[in-house]
Amino acid sequence: MTKHILVTGGAGYIGSHVVRKLIDNGYTVSILDNLINGNKESVPSEVAFYKIDLGDISELRKLFDENNFDAVMHFAAFIEAGVSMKKPAEFFANNCINGSYLLNEMLRHGVKKIIFSSTAAVYGNPIGNKIKEDHPLNPVNHYGRTKLIFEELLRMYKESYDLEYIALRYFNASGADESAEIGEDHDPETHLIPLVLKTVLGERENIKIFGTDYGTPDGTCVRDYIHVNDLANAHILALERLFKNGESDVFNLGNGKGFSVEQVIDSAKKITGKDFKVIKTNRRKGDPAVLVADSTKARDILKWNPKYTSIDDIIKTAWRWHKKHPNGYNN
Ligand code: UDP
């Protein structure tokens, strides 16, 4: 019997890539998504799709009553750190309270395995170089705080209700599937790589570099860009671990390599063959200078082996998606 996985937020950027990997690995998949940020166009035809908001407990209960899920992958959440600083109530309600409804429904129906989409934002300003999982948890924005609160909830439910979880702390998810059928399409877009590529396409007049006076080699922020399909593979490995009764745990998912904003811009110029206007401007609030993962634990325990290690390779896949879909899923 194939295992049936409920993917919340499965119509979103990372969720949609994971859904394809689940199908490729022989799982039956159902998606729950309220489509506030998700795109129905990304949902494969063989997947059962439910337009449900996690805050709607009666619809959620009906979904669990009518299906026998073996595990849940939970992506549905608000994700913009900047927005979270203006709307903490919404972030808490969606990421924590609605997430708790999901956990409670899982327990009510005897579903005791969950993979949770967490974030490097739980660490806050890094101490030292590469961040390991035992780095202090001091998020500097409300987004990171809500993700940390949910992780804590998982630890509580593990201790008291035997819920098994794996929380995956992503660094900077980027790139797109090689097919260019699915990719990154946020509205509004705030992430560096899609904004740079939209500038290449002439949808934006320029790209702004937020801060050139950081204590980094070229003065711009350094991030660990990890390809979305490498992230997706880690989810399959984490799920397999839970099905083999592996321990609940947290794992960093990153390349282990940092690239500065300027390096990303230079790579985009090289890959696309186009020049564009770059404006150096002030720092963005809440941005640590450097965020780079130590993902040794995921490599050792999950046997995860990310394939896209160069920024050029990642941007190539993102460029293919943006070129084919200049208006995202709208065309
Ligand atoms: N960034 C930038 N200009 C932009 C968008 C982002 O300089 O228009 C910088 C941002 O300050 C950060 C890096 O690019 O240092 C990555 O930002 P992004 O929003 O993509 O991801 P984050 O690291 O915030 O999760």
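What you see below is based on every heavy atom in this structure, not just the backbone, and it leaves out hydrogens, waters and symmetry mates. Atoms within each ligand, like the ligands themselves, are counted from 1 in listed order.
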key: Residues Arg241 and Glu247 bridged, charged N to O under 4.0 Å   = no
message = At less than 4.0 angstrom from any non-hydrogen atom of Lys208, what atoms of ligand 1 do you find?
response = 2 (C), 3 (N), 4 (C), 7 (O), 8 (O)
ask   = At a 4.0 Å threshold, what atoms of ligand 1 neighbour a non-hydrogen atom of Asp287?
value = 10 (C), 11 (O), 12 (C), 15 (O)
task = Please identify which atoms of ligand 1 are closer than 4.0 Å to at least one heavy atom of Cys221.
result = 15 (O)
Output a table of donor-acceptor pairs, distance under 3.5 Å, between side-chain atoms of residues 64-71 and any protein atom two or more places apart or on a different chain; print 'none' if there are none.
| unit_1 | atom_1 | unit_2 | atom_2 | d |
| --- | --- | --- | --- | --- |
| Asp65 | OD1 | His109 | NE2 | 2.7 |
| Asn67 | ND2 | Leu63 | O | 2.9 |
| Asp70 | OD2 | His4 | N | 2.7 |

note = The atoms of ligand 1 lying under 4.0 Å from a heavy atom of Leu195, numbered in the order shown, are 8 (O)
inquiry  = Show me which atoms of ligand 1 lie under 4.0 Å from any heavy atom of Ile209.
reply    = 7 (O)
query = Quick one: does ligand 1 sit under 4.0 Å from the side chain of Tyr225, the backbone, both or neither, non-hydrogen atoms only?
reply = side chain
task = Please find out if less than 6.0 Å separates the ring center of Phe92 from that of His142.
result = no
message = For ligand 1, which is the ligand I care about here, please tell me if Ile207 has any N or O atom under 3.5 Å from one of the ligand's N or O atoms.
response = no
ask   = Among Asn206, Leu192, Thr220, Thr190, whose heavy atom sits nearest atom 20 (O) of ligand 1?
value = Leu192
ask   = Are the ring centres of Tyr13 and Trp321 closer than 6.0 Å?
value = no
task = For ligand 1, find out whether one of its N or O atoms is nearer than 3.5 Å to an N or O atom of Phe210.
result = yes
task = Nearest heavy atom to atom 17 (O) of ligand 1 wins, so pick from Arg223, Arg284, Lys280.
result = Arg284
ask   = Can you tell which part of Arg283 has a heavy atom less than 4.0 Å from ligand 1: side chain, backbone, both or neither?
value = neither
key: Atom CG of Asn129 with >12 non-hydrogen neighbours under 6.0 angstrom   = no
Cut-off 3.5 Å, no hydrogens considered: what does the side-chain donor-acceptor table look like for residues 41-49, sequence neighbours left out?
| unit_1 | atom_1 | unit_2 | atom_2 | d |
| --- | --- | --- | --- | --- |
| Ser42 | OG | Ala11 | O | 3.3 |
| Ser42 | OG | Asn39 | O | 2.8 |

key: 4.5 Å side-chain heavy-atom contact, Arg155 and Tyr165   = yes
request  = Kindly identify the option in Asn172, Asp224, Val261 whose heavy atom sits closest to atom 22 (P) of ligand 1.
outcome  = Asn172
key: Side-chain heavy-atom pair His227, Thr317 within 4.5 angstrom cut-off   = yes
key: Heteroatom distance test (His191, ligand 1): nitrogen or oxygen, under 3.5 angstrom   = no
ask   = Of all the heavy atoms in Phe259, does at least one lie under 4.0 Å from an atom in ligand 1?
value = no
inquiry  = Could you check, using the six-membered ring where one of them is a Trp, whether Tyr225 and His191 have ring centers closer than 6.0 angstrom?
reply    = no
